Asker: 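Can you read through this structure? Questions will come right after.
A, B, ... follow the sequence lines: proteins, then strands. Residue 1 opens every chain. These numbers were taken from a predicted model, which means no experiment stands behind them. Heavy atoms only: backbone and side chains are in, while hydrogens, waters and symmetry mates are out.
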Amino acid sequence: METEDLNELMSQRRRKLEEMAAAGTDAFKSNFDRSHSIEEIKKEFDVVETGENSGKDVDTAGRIVARREHGKASFIVIDDGSSQIQLYLTINNLGEDNYRELLGFDIGDIIGVSGEVFRTRRGELSISVREYIILTKSLRPLPEKWHGLKDKELRYRQRYVDLIVNPEVKEVFAKRIAVIKGIRDYLADNGFVEVDTPMLQPIPGGATARPFITFHNALDMDIYLRIAPELYLKRLMVGGYDRVFELNRSFRNEGISVRHNPEFTMLEAYQAYADYNDMMELTEDLIKKLARDIVGEEELEYQGIKLDLSKPFKKMTMLDSLAEVGGIEVSFDMDIDGLKSLAKENEVHVDKGDGKGTIITELFEKLVEANLEEPTFILDYPKEITPLAKSHPDNPELVERFELIVVGREIANAFSELTDPREQRKRFEKQVERRDAGDEEAQFFDEDYLRALEYGLPPTGGLGIGIDRLVMLLTDSASIRDVIFFPHLRPEKGRE
RNA sequence: GGGCCGUUAGCUCAGUUGGCAGAGCACCGGACUUUUAAUCCGGGUGUCGAAGGUUCGAAUCCUUCACGGCUCACCA
């Protein structure tokens with residue numbers, strides 16, 4: 001199969017590889033001792049002035065990304081992922097045969113070089129090559145140097161090529177890496193410990209979503225990929241951990257869009273003796289810190305919308321926001337038919353089994369959430385859609401829950417956790433009723449979780465942050481695929 | 001799932017009314033000892049996403065399919 005899709009360029013490279021082999025050269029070396037990374041060279045030799053020789057040799061390596069031939073003296077640019085540097089090669093330094101061989105290497109090949117660092121007359125820090133070695137032969141041509149790789153499908157499927165030729169992609173992922181590290185550092189500084197809980201769960205819980213189902217052969221049973229780590233993390237709180245977090249993947253078997261990938265990265269953090277107000281403070285502080293550290297300032301722009309993260313985030317209850325932003329008066333005192341007709345007026349879809357809480361939430365999402373730009377905490381969600389949160393003392397229809405909305409998107413979600421096992425049992429039973437009525441996203445009944453609650457969960461605040469969406473916000477990325485190295489795509493056909 | 005758009009050389013893209021498949025970069029050959037999108041001379045390397053159909057003739061028109069993008073629906 002492989003030979004069939006060989007084009008001329010790939011054939012040429014394979015021929016070169018065979019010629020190397022025939023000459024006794026191994027084109028896939030096992031190691032190379034560097035004295036410096038390219039970034040280190042740039043730092044250390046920054047003081048070398050235009051036209052000046054440093055008098056010092058370095059050993060470094062990288063991928064050939066450009067070549068400029070000038071007869072008996074030429075230039076090659078190599079890139080090691082940290083930075084790029086120009087190589088200067090002359091017949092005088094290398095001799096005719098070696099000079100020709102080094103120039104004959106292809107763009108994409110990975111080489112090691114030794115030589116003196118100097119700065120050219122044009123001011124470019126360079127290495128005057130004395131010795132070189134092929135480390136890895138590249139058998140496929142890279143995309144064009146000027147336009148890079150544009151085709152989105154190729155960029156997502158072959159992210160390795162995207163990363164080689166499109167430098168801005170690396171910047172986005174550098175920020176993603178920094179966000180994740182920043183969160184871990186922040187939480188560690190605040191006394192949280194990072195834990196791992198099961199991704200393969202016999203009962204998928206902690207969120208309202210359809211799970212992926214797989215099968216355990218030895219146990220002869222269905223098993224689920226987790227939709228959230230929540231119930232296991234709260235079991236750990238029962239076990240006596242005071243502050244825990246998990247920053248890892250969850251999986252939801254739902255539609256794929258610019259905001260949804262079937263597997264996504266989520267932070268969940270739980271703090272004992274805290275409630276949702278404490279989690280609100282933590283969320284705001286964390287996000288402001290990430291903006292400062294990673295974007296460099298608290299004013300940023302997302303898809304043309306200017307956001308000022310330096311101001312205190314706004315706070316509104318869901319019901320108030322429907323009045324203030326949505327322009328409709330809604331309350332749980334209205335009867336269900338009144339809410340249904342209100343939904344109809346506003347072109348909000350209502351399912352048969354939907355109660356007041358669901359309809360109000362749908363109205364909120366349509367009339368309010370989509371229109372919120374500046375960071376806004378929305379407080380006090382309907383109990384009906386939130387089976388794991390503590391009841392609100394002022395209104396039995398509500399729970400102590402908030403979401404942080406930025407540019408119409410949910411960035412964080414938190415509650416005062418429901419700790420009363422008797423009420424949790426009733427809430428689970430309601431979910432089972434919904435599931436029996438055909439709601440595939442209703443939550444599962446988890447008897448062991450109730451047992452854990454019966455031993456006693458301290459008052460606990462819980463927080464979830466969607467990392468991919470947060471990174472989108474901080475990197476001004478329009479699609480979740482731009483912040484996930486390998487986003488989910490349909491398999492390529494004609495493969496295998 | 002619906003709608004719209006796209007798929008042509010390794011990459012980025014043109015391709016007129018249906019009439020021999022094009023450019024730039026990359027690549028190959030040649031010139032050039034400080035260039036940096038190097039330059040100059042010569043060379044087009046292709047299953048026009050796939051399969052059918054219409055036609056003397058299809059990259060171009062029609063049908064179906066695949067993959068992707070945007071969007072609506074769905075969904076935390």
Side-chain angles (χ1 to χ4, degrees), chain A residues 4-13 15-16 50-51 53 65-77 84-94 99 104 106-108 118-126 128 138-158 161-162 164-166 206-210 227-228 250 252-262 264 266 347-349 351 361-362 364-365 369 381 385-386 401 403 405 409-413 439-441 464-466 468-469 478-479 481 487 489-495:
Chain A
E4 284 172 19
D5 69 350
L6 276 191
N7 60 51
E8 180 60 27
L9 299 178
M10 287 167 64
S11 304
Q12 278 166 13
R13 286 172 181 238
R15 235 176 285 130
K16 287 187 186 179
T50 295
N53 290 357
V65 294
R67 182 174 50 224
R68 295 180 282 278
E69 290 187 47
H70 291 266
K72 297 186 180 63
S74 298
F75 302 90
I76 285 174
V77 179
Q84 298 189 343
I85 195 161
Q86 174 171 272
L87 308 179
Y88 179 59
L89 39 149
T90 63
I91 284 195
N92 292 357
N93 285 343
L94 289 162
Y99 178 79
D106 290 310
I107 289 179
F118 74 108
R119 197 178 291 280
T120 64
R121 313 202 269 258
R122 297 291 183 94
E124 179 87 19
L125 196 68
S126 306
S128 179
S138 168
L139 295 176
R140 285 177 184 266
L142 286 169
E144 199 214 332
K145 60 183 172 186
W146 191 240
H147 296 93
L149 187 63
K150 282 264 174 50
D151 185 296
K152 286 196 177 181
E153 181 174 358
L154 283 179
R155 291 184 47 206
Y156 297 145
R157 284 195 200 283
Q158 301 183 31
V161 180
D162 193 27
I164 291 170
V165 301
N166 293 333
T208 310
R210 256 182 269 189
I227 54 176
S250 288
R252 297 187 185 176
N253 200 344
E254 281 162 3
I256 296 173
S257 77
V258 289
R259 275 171 240 189
H260 299 85
N261 198 59
F264 62 101
M266 184 164 57
E347 296 173 329
V348 166
H349 174 79
D351 280 327
T361 306
E362 300 265 347
F364 165 78
E365 285 173 2
E369 190 173 66
Y381 277 63
I385 60 157
T386 316
R401 169 183 181 181
E403 288 194 359
I405 312 295
R409 293 160 192 218
E410 172 207 334
I411 296 292
N413 176 24
D439 182 353
E440 286 185 67
E441 280 149 23
I465 294 181
D468 310 289
R469 290 179 184 180
S479 170
R481 296 181 202 103
L489 298 175
R490 280 196 173 81
E492 278 179 277
K493 62 168 183 171
R495 283 281 173 184

Asker: Look at all strands and tell whether A:Leu142 reaches a base, only sugar-phosphate, or nothing, counting heavy atoms closer than 4.0 Å.
Answerer: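 Here A:Leu142 touches no strand at all.
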Asker: Students often get this wrong, so: under 4.0 angstrom with heavy atoms, is A:Arg68 touching a base, only sugar-phosphate, or nothing?
Answerer: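 Base contact - A:Arg68 has a heavy atom under 4.0 Å of at least one base atom.
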Asker: With the side chain of A:Leu149 defined as its heavy atoms from C-beta on, choose the nearest nucleotide among B:C67, B:C27, B:U12.
Answerer: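 Selected nucleotide (nearest to the side chain): B:U12.
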Asker: Rounded to whole Å, please give me the gap between CD1 in A:Ile107 and P in B:C28.
Answerer: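 About 9 Å, once rounded to whole Å.
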Asker: On a plain distance test, is the side chain of A:Glu144 in donor-acceptor contact with the base of B:G24 below 3.5 Å?
Answerer: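 It does, because a donor-acceptor pair links the side chain of A:Glu144 to the base of B:G24 below 3.5 Å.
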Asker: Where is the tightest heavy-atom contact between A:Leu149 and A:Asp162, given as atom of each residue plus distance?
Answerer: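 Of all heavy-atom pairs spanning A:Leu149 and A:Asp162, the closest is CD2-N, 4.1 Å.
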Asker: Between atom CZ in A:Arg119 and atom P in B:U36, what is the gap in whole Å?
Answerer: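 Whole-Å distance recorded here is 17 Å.
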Asker: May I ask you to say what A:Phe118 touches in the nucleic acid, namely base, sugar-phosphate or nothing, with a heavy-atom cut-off under 4.0 Å?
Answerer: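 The residue A:Phe118 makes base contact.
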Asker: Quick one: label A:Val258 by what it contacts on the DNA or RNA (base, sugar-phosphate, nothing), any heavy atom closer than 4.0 Å.
Answerer: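 Touches sugar-phosphate only.
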Asker: Across the strands shown, which category fits A:Thr120 at heavy-atom distances under 4.0 angstrom: base, sugar-phosphate, nothing?
Answerer: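 Touches a base.
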Asker: Any side-chain N or O of A:Lys152 less than 4.0 Å from the OP1 or OP2 oxygen of B:C5?
Answerer: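 It does not, given that no N or O in the side chain of A:Lys152 lies less than 4.0 Å from OP1 or OP2 of B:C5.
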Asker: Check whether any side-chain N or O of A:Arg157 sits under 4.0 Å from OP1 or OP2 of B:G68, and answer yes or no.
Answerer: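 A:Arg157 to B:G68 OP1/OP2: side-chain N or O found under 4.0 Å.
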Asker: Using a cut-off of 4.0 Å on non-hydrogen atoms, how would the nucleic acid contact of A:Leu489 be classed: base, sugar-phosphate, or nothing?
Answerer: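 Counting heavy atoms under 4.0 Å across all strands, the contact made by A:Leu489 is with sugar-phosphate only.
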Asker: So which nucleotide from B:U33, B:C67, B:C70 ends up closest to the side chain of A:Glu153?
Answerer: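 Looking only at side-chain atoms, A:Glu153 lies closest to B:C67.
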Asker: What orientation do A:Tyr88 and A:Phe75 show, parallel under 30°, tilted 30 to 60°, or perpendicular over 60°?
Answerer: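 Rings of A:Tyr88 and A:Phe75: tilted, 30 to 60°.
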Asker: Tell me which nucleotide, if any, is Watson-Crick or G-U wobble paired with B:C61 when both distances must be under 3.5 Å.
Answerer: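 Partner of B:C61: B:G53.
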Asker: Atom NE2 of A:His147 to atom P of B:A9: distance rounded to whole Å?
Answerer: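 My rounded result for the distance is 16 Å.
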Asker: Could you check whether A:Glu69 gets within reach of a base, just the sugar-phosphate, or nothing at all, counting any heavy atom under 4.0 Å?
Answerer: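 A:Glu69: base contact, heavy atoms under 4.0 Å.
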Asker: For A:Gly148, report the nucleic acid contact type (base, sugar-phosphate, nothing); a contact means any heavy atom under 4.0 Å.
Answerer: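 If one applies the 4.0 Å heavy-atom cut-off, A:Gly148 turns out to touch the sugar-phosphate alone, with no base involved.
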Asker: Contact class for A:Asp151 vs. all strands (heavy atom < 4.0 Å): base, sugar-phosphate, or nothing?
Answerer: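 Sugar-phosphate contact only.
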Asker: Contact class for A:Arg481 (heavy atom, under 4.0 Å): base, sugar-phosphate, or nothing?
Answerer: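 Here A:Arg481 touches the backbone only, sparing every base.
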Asker: How many Å lie between CD on A:Glu8 and P on B:G10, as a whole number?
Answerer: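 Rounding to the nearest Å, CD of A:Glu8 and P of B:G10 are 11 Å apart.
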Asker: Counting side-chain heavy atoms from CB outward, which of B:C11, B:C70, B:U35 is closest to A:Arg122?
Answerer: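 Selected nucleotide: B:U35.
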Asker: Examine the base of B:U35 for any acceptor or donor lying under 3.5 Å from a partner atom in the side chain of A:Gln86, and report the outcome as yes or no.
Answerer: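 Present.
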Asker: Using Watson-Crick or G-U wobble geometry with both distances under 3.5 Å, which nucleotide pairs with B:A21?
Answerer: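 Pairing partner, where one exists within any strand: none, as none qualifies.
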Asker: Base, sugar-phosphate, or nothing for A:Leu9, non-hydrogen atoms under 4.0 angstrom?
Answerer: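 A:Leu9: base contact, heavy atoms under 4.0 Å.
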Asker: How many Å lie between CZ on A:Phe75 and P on B:A37, as a whole number?
Answerer: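 Value for this atom pair: 12 Å.
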Asker: Using a 4.0 Å heavy-atom cut-off, does A:Arg155 contact any base of the nucleic acid, only the sugar-phosphate backbone, or nothing at all?
Answerer: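 Counting heavy atoms under 4.0 Å across all strands, no contact is made by A:Arg155.
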Asker: Return no unless some side-chain N or O of A:Lys145 is found under 4.0 Å from OP1 or OP2 of B:A38.
Answerer: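 A:Lys145 to B:A38 OP1/OP2: side-chain N or O found under 4.0 Å.
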